[in-house]
There are 2 protein chains.
Amino acid sequence: MTDQPIDSKLNARSRIVEAARQLFFRQGYTATGMSQILKVADVRSGSLYYFFPSKAHVLRAVLETYLDLLEPNILRPAFERAADPLERLFAVLDGYRQLLQASNFELGCPIGNLALELSASHPQARPLIAENFEAWSIAITALIESFADRLPRDVRPATLARHVQATMEGAIVLARAYHSVEPFDQAMHQLRDYVERLLRDGAIQGGPSDRAAEQP
Amino acid sequence: MTDQPIDSKLNARSRIVEAARQLFFRQGYTATGMSQILKVADVRSGSLYYFFPSKAHVLRAVLETYLDLLEPNILRPAFERAADPLERLFAVLDGYRQLLQASNFELGCPIGNLALELSASHPQARPLIAENFEAWSIAITALIESFADRLPRDVRPATLARHVQATMEGAIVLARAYHSVEPFDQAMHQLRDYVERLLRDGAIQGGPSDRAAEQP
DNA sequence: GTCTATAACTCGATAGAC
DNA sequence: GTCTATCGAGTTATAGAC
């Protein structure tokens, strides 16, 4: 339900990357052996090492795949459930909530997992991990920008997006530790309360006409 | 600077736990071998397996140690730097910022690391991991409760503490991935903005005298 | 309680035929 | 591109003397 068996019609390289992706997500990078990847991908070691000189290169391919998966796996499903930008934002967050529950809290955010596991020991992977976080926060920034005129003037969309991202990542950590959505829901409740207060304070501060007249 | 060499005057059991704690913190549980623990603790395997029947039992001892370290390592230093409860809260958070920088982003939150690495694969460890998170959030809840009368009535201290915790944990994930305090600072900036707005809205809603007169 | 030696296995990676 | 067979090192854990 949370990950598909690997399509045997895919070529060997794609099967390897997909198998590694699923295994790294469930078990982590270090805990996943090459032999396990070979088995799930239904490939022999000669083929794997033909495409990838080392396990670290498989990781690189997995992280590149996640860049491609952001739109179809994370953003699009959420955007189809809501039209309003603010609701789209919370629909993205709710997507992670659904995954936590559907996987019995075994799956959260694959990038967050790898960030903590590998940031110190595998510096080569760090830029790609950061790139994944950056793509996510840019997408959230774009959503926030589309209602930024209703926020207090001193709230910067990119900074607020980063805050949303941090709260999300941490909420996933807590939910997985507690095996419960309660800490996740508590964090999201306060996050929504914050955004609502920002919108109220933005409305008090002045509507769009006030802003247009604001040039000196 | 970020972790001490192990005191050779400690008994073997303590040296083992301390060595394991430091190694798990820096490298993770799976990536740390028993042989490494033996080397750092300066103990032979016969001694280790005399005290702990398996690696998982060493982990358990490490997680129990962290419960004891919360007060002296996290809370007390922060409480000594600030007297006001609100500033104490942000002093705790700043302690993690200092550790991130002092360790060149190799060390963040040991519990967060283990939560993501082991929640799925080592269910036996999960309750102890949750217990550590719980102790932290209880301490933060106590701080918030001491100025709860200045917050809007519908803000529950425990829920706000959970939000603070989630934002912190996620901010650490991002800082380590980016090798920069910027995402950490952005998340903390918005968190402080949120708390300040709560205090302003709480003041508008009514001071302590209003609250006392509120019983029906 | 601590020592040495090692069993039983898995790890990432390679060689060389086809 | 894919196969089988395997290398050498490392893994967790154990045996048995002291």
Side-chain angles (χ1 to χ4, degrees), chain A residues 6-63 65 113-114 117-118 120-125 128, chain B residues 6-63 65 113-114 117-118 120-125 128:
Chain A
I6 289 162
D7 186 346
S8 57
K9 275 169 285 183
L10 290 175
N11 59 34
R13 203 197 121 103
S14 302
R15 291 207 307 280
I16 290 164
V17 175
E18 178 59 16
R21 191 184 68 76
Q22 292 183 13
L23 288 164
F24 293 168
F25 194 9
R26 286 202 169 273
Q27 308 179 331
Y29 175 78
T30 310
T32 298
M34 294 296 255
S35 61
Q36 241 180 322
I37 297 174
L38 297 174
K39 199 165 157 186
V40 173
D42 191 29
V43 156
R44 257 50 57 198
S45 75
S47 296
L48 196 157
Y49 283 97
Y50 172 80
F51 292 109
F52 302 101
S54 78
K55 189 183 176 184
H57 288 78
V58 177
L59 172 65
R60 165 167 287 272
V62 166
L63 285 168
T65 299
N113 297 352
L114 294 172
E117 184 183 356
L118 303 174
S121 57
H122 290 61
Q124 327 87 310
L128 259 174
Chain B
I6 288 162
D7 187 347
S8 57
K9 276 169 285 185
L10 290 175
N11 59 34
R13 203 198 120 102
S14 302
R15 290 206 308 281
I16 290 164
V17 175
E18 178 59 15
R21 192 185 67 77
Q22 292 183 13
L23 289 164
F24 292 169
F25 195 9
R26 287 202 169 274
Q27 309 179 331
Y29 175 79
T30 311
T32 298
M34 293 297 255
S35 60
Q36 241 180 321
I37 297 174
L38 297 174
K39 198 166 159 185
V40 173
D42 191 30
V43 156
R44 259 49 57 199
S45 75
S47 297
L48 196 157
Y49 284 97
Y50 172 79
F51 292 110
F52 303 101
S54 77
K55 190 182 176 185
H57 287 78
V58 178
L59 172 65
R60 164 167 289 273
V62 166
L63 285 168
T65 299
N113 297 351
L114 294 172
E117 184 183 356
L118 303 174
S121 56
H122 290 63
Q124 327 87 310
L128 260 174

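Naming convention: chains lettered A, B, ... in sequence-line order (proteins, then strands); numbering from 1 in each chain.
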Trainee: The side chain of B:S47 is closest to which nucleotide in this list: C:dT2, D:dT2, D:dA13?
Mentor: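 Nearest nucleotide to the side chain: C:dT2.
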Trainee: Need one value for B:T32: base, sugar-phosphate or nothing, where a base atom within 4.0 Å counts as base even if backbone is also close, heavy atoms only.
Mentor: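 Touches sugar-phosphate only.
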Trainee: So, do A:E117 and B:E117 sit near enough that their side-chain heavy atoms are less than 4.5 Å apart?
Mentor: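 Counting from C-beta outward, A:E117 and B:E117 never come under 4.5 Å.
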Trainee: Has A:R26 got more than 12 heavy atoms of other residues, nucleotides or ligands less than 6.0 Å from its CZ?
Mentor: yes
Trainee: When you measure from the side chain of A:S35, which nucleotide among C:dC11, D:dA13, C:dG1 comes out closest?
Mentor: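 Taking heavy atoms from C-beta onward, the closest nucleotide is C:dC11.
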Trainee: Is the closest side-chain donor-acceptor distance between B:Q27 and A:S121 under 3.5 Å?
Mentor: no
Trainee: In this structure, how many angstroms lie between the C1' atom of D:dT6 and the CE atom of A:M34, rounded?
Mentor: 16 Å
Trainee: Taking the side chain of B:R44 as heavy atoms from C-beta outward, which of D:dT2, D:dC3, C:dT4 is closest to it?
Mentor: C:dT4
Trainee: Taking the side chain of A:K55 as its heavy atoms from C-beta onward, which of D:dT14, C:dA13, C:dC3 lies nearest to it?
Mentor: C:dA13
Trainee: Ignoring backbone atoms, establish whether A:Y49 has a side-chain N or O less than 4.0 Å from OP1 or OP2 of C:dA13.
Mentor: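 Checking C:dA13 against A:Y49, a side-chain N or O does come within under 4.0 Å of OP1 or OP2.
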Trainee: Checking contacts here: which listed nucleotide (C:dT2, D:dT11, D:dG1) is nearest the side-chain heavy atoms of A:F51?
Mentor: D:dG1
Trainee: Considering only heavy atoms from C-beta outward, does the side chain of B:V58 approach that of B:L48 to under 4.5 Å?
Mentor: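 Touching, per the 4.5 Å side-chain cut-off.
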Trainee: I'd like to know if B:S45 reaches the base of C:dA5 with its side chain such that a donor and an acceptor end up less than 3.5 angstrom apart.
Mentor: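 Checked by distance alone, the answer is yes.
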